[in-house]
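Have a look at the structure below before the remarks.
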Amino acid sequence: QLQLVESGGGLVQPGGSLRLSCVLSGFRLDASVIGWFRQVPGKERTAVSCQSSDSDGDTYYSDSVKGRFTISRDNAKRTMYLQMSDLKPEDTAVYYCAFEPEYPHMAATCRPRDFGSWGRGTQDTVSS
C-alpha cells in the first residue's frame with residue numbers, strides 16, 4: 001500500500017531551522033518527481049519546492065523560499081527531505097510532501113495538481 005509519512009515539523013523561533021522528512025512506502029522513489037507544498041487555513045496549497053528524478057535535473061523553489069530551503073532525496077531510503085533555514089513567521093503552514101512518476105517539465109512547473117500521492121501533512125509554526 002502506497003503511503004507517505006512526514007515528520008520533523010514543530011515550533012521554531014524566527015531565524016531558526018527545521019528539517020522535514022517524508023518516507024515513502026509501497027513504491028519506488030526513483031524515476032519520480034518529489035515535491036513539498038504548504039497550506040495555510042483558508043488558502044490554496046502552494047508549491048515550495050520540487051525536484052526531478054535526476055538530482056542534476058530540474059529543481060524548483062518558490063521565490064519566497066529560494067536561498068533558504070533545500071530539497072533533497074535518498075532514493076535507497078525512499079525518503080525526501082526539506083531543509084528549512086532562516087525561518088520566518090510567514091513560513092508557518094502545514095507542509096505536505098508529494099511524489100509522482102515523472103514526465104517532462106513537471107519539476108520545473110511544480111504544480112500541486114500534477115501530483116497524485118500525498119502525505120498527510122506536518123504543522124510548522126514559526127513564532128517567538
Side-chain angles (χ1 to χ4, degrees):
Q1 182 178 357
L2 193 153
Q3 190 175 20
L4 289 162
V5 179
E6 299 102 337
S7 62
L11 173 65
V12 64
Q13 292 186 340
S17 299
L18 284 173
R19 188 174 85 152
L20 304 183
S21 300
C22 177
V23 180
L24 169 66
S25 59
F27 205 83
R28 293 178 58 165
L29 191 58
D30 55 330
S32 298
V33 174
I34 61 173
W36 289 93
F37 301 82
R38 65 188 182 187
Q39 189 169 20
V40 297
K43 295 194 175 182
E44 294 184 351
R45 194 169 298 185
T46 60
V48 174
S49 181
C50 290
Q51 185 185 65
S52 172
S53 61
D54 178 357
S55 59
D56 292 330
D58 290 331
T59 300
Y60 167 93
Y61 292 100
S62 69
D63 288 342
S64 62
V65 307
K66 202 171 293 183
R68 300 188 297 121
F69 290 13
T70 303
I71 191 171
S72 62
R73 68 202 296 163
D74 185 330
N75 289 334
K77 294 182 179 179
R78 300 185 185 184
T79 303
M80 62 184 85
Y81 305 96
L82 184 68
Q83 178 67 48
M84 306 186 291
S85 303
D86 189 23
L87 283 160
K88 304 175 181 181
E90 52 264 40
D91 294 318
T92 296
V94 177
Y95 283 74
Y96 298 88
C97 62
F99 96 105
E100 183 70 23
E102 185 164 15
Y103 57 83
H105 311 301
M106 183 180 171
T109 54
C110 202
R111 297 176 301 194
R113 66 174 184 262
D114 290 334
F115 289 79
S117 300
W118 293 84
R120 299 183 68 176
T122 181
Q123 175 71 48
D124 294 338
T125 302
V126 184
S127 176
S128 55

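Quick caveat, the model's predicted, so the values are computed rather than measured.
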*Take S72 and Q83 through the side chain to side chain donor-acceptor pair (under 3.5 Å) test and state the conclusion after the steps.*
CA-CA 8 Å; S72 62; Q83 178 67 48; over 6 Å; no
*Evaluate the criterion side chain to side chain contact (heavy atoms under 4.5 Å, CB included) for residue pair S25 and R78; output intermediate values, then yes/no.*
CA-CA 7 Å; S25 59; R78 300 185 185 184; 5.7 Å; no
For [Y], does its backbone N or O pair with a side-chain atom of [X] as donor and acceptor, under 3.5 Å?
{"X": "E100", "Y": "G116", "answer": "yes"}
{"X": "R73", "Y": "D30", "answer": "no"}
{"X": "E6", "Y": "R120", "answer": "yes"}
{"X": "T79", "Y": "K77", "answer": "yes"}
{"X": "S49", "Y": "Y60", "answer": "yes"}
{"X": "T92", "Y": "V126", "answer": "yes"}

*Carefully, step by step, assess C22 and W36 under the rule side chain to side chain contact (heavy atoms under 4.5 Å, CB included).*
CA-CA 10 Å; C22 177; W36 289 93; 3.7 Å; yes
*Given side chains that start at C-beta, do those of S17 and V12 come closer than 4.5 Å, heavy atoms only?*
no
Closest non-hydrogen atom pair between [X] and [Y], with its separation:
{"X": "S52", "Y": "A107", "result": "N-CB, 3.5 Å"}
{"X": "C110", "Y": "A47", "result": "O-CB, 3.2 Å"}
{"X": "G121", "Y": "V94", "result": "CA-CG1, 3.8 Å"}

*asked:* A quick test of your reading: do over 12 heavy atoms of other residues, nucleotides or ligands sit less than 6.0 Å from CD of E44?
replied: no
*Identify which one of D74, T70, I34, L20 satisfies the side chain to side chain contact (heavy atoms under 4.5 Å, CB included) criterion when paired with Y81.*
D74
*Quick one: which of L24, N75, L29, I71 gives a side chain to side chain contact (heavy atoms under 4.5 Å, CB included) with M80?*
L29
Output the distance between atom [atom1] ([X]) and atom [atom2] ([Y]), rounded to the nearest 0.5 Å.
{"X": "M84", "Y": "R19", "atom1": "CE", "atom2": "CZ", "answer": "11.5 Å"}
{"X": "C50", "Y": "D58", "atom1": "SG", "atom2": "CG", "answer": "10.0 Å"}
{"X": "F37", "Y": "L82", "atom1": "CZ", "atom2": "CG", "answer": "11.5 Å"}

_Check for me, please, whether Y61 and L18 land in the same ILVMFWY cluster - side-chain distances under 4.5 Å, paths through other members count._
yes
*asked:* Tell me whether Y96 shares a hydrophobic cluster with F115, the cluster being built from Ile, Leu, Val, Met, Phe, Trp, Tyr side chains joined at under 4.5 Å.
replied: yes
_F69 and Y95 aromatic ring geometry - parallel, tilted or perpendicular at 30°/60° bounds_ = tilted
*Could you go through the side chain to side chain contact (heavy atoms under 4.5 Å, CB included) check for R38 and D91 one step at a time?*
CA-CA 9 Å; R38 65 188 182 187; D91 294 318; 3.0 Å; yes
*Going through the checks in order, is the side chain to side chain contact (heavy atoms under 4.5 Å, CB included) test met by R111 and R113?*
CA-CA 5 Å; R111 297 176 301 194; R113 66 174 184 262; 2.9 Å; yes
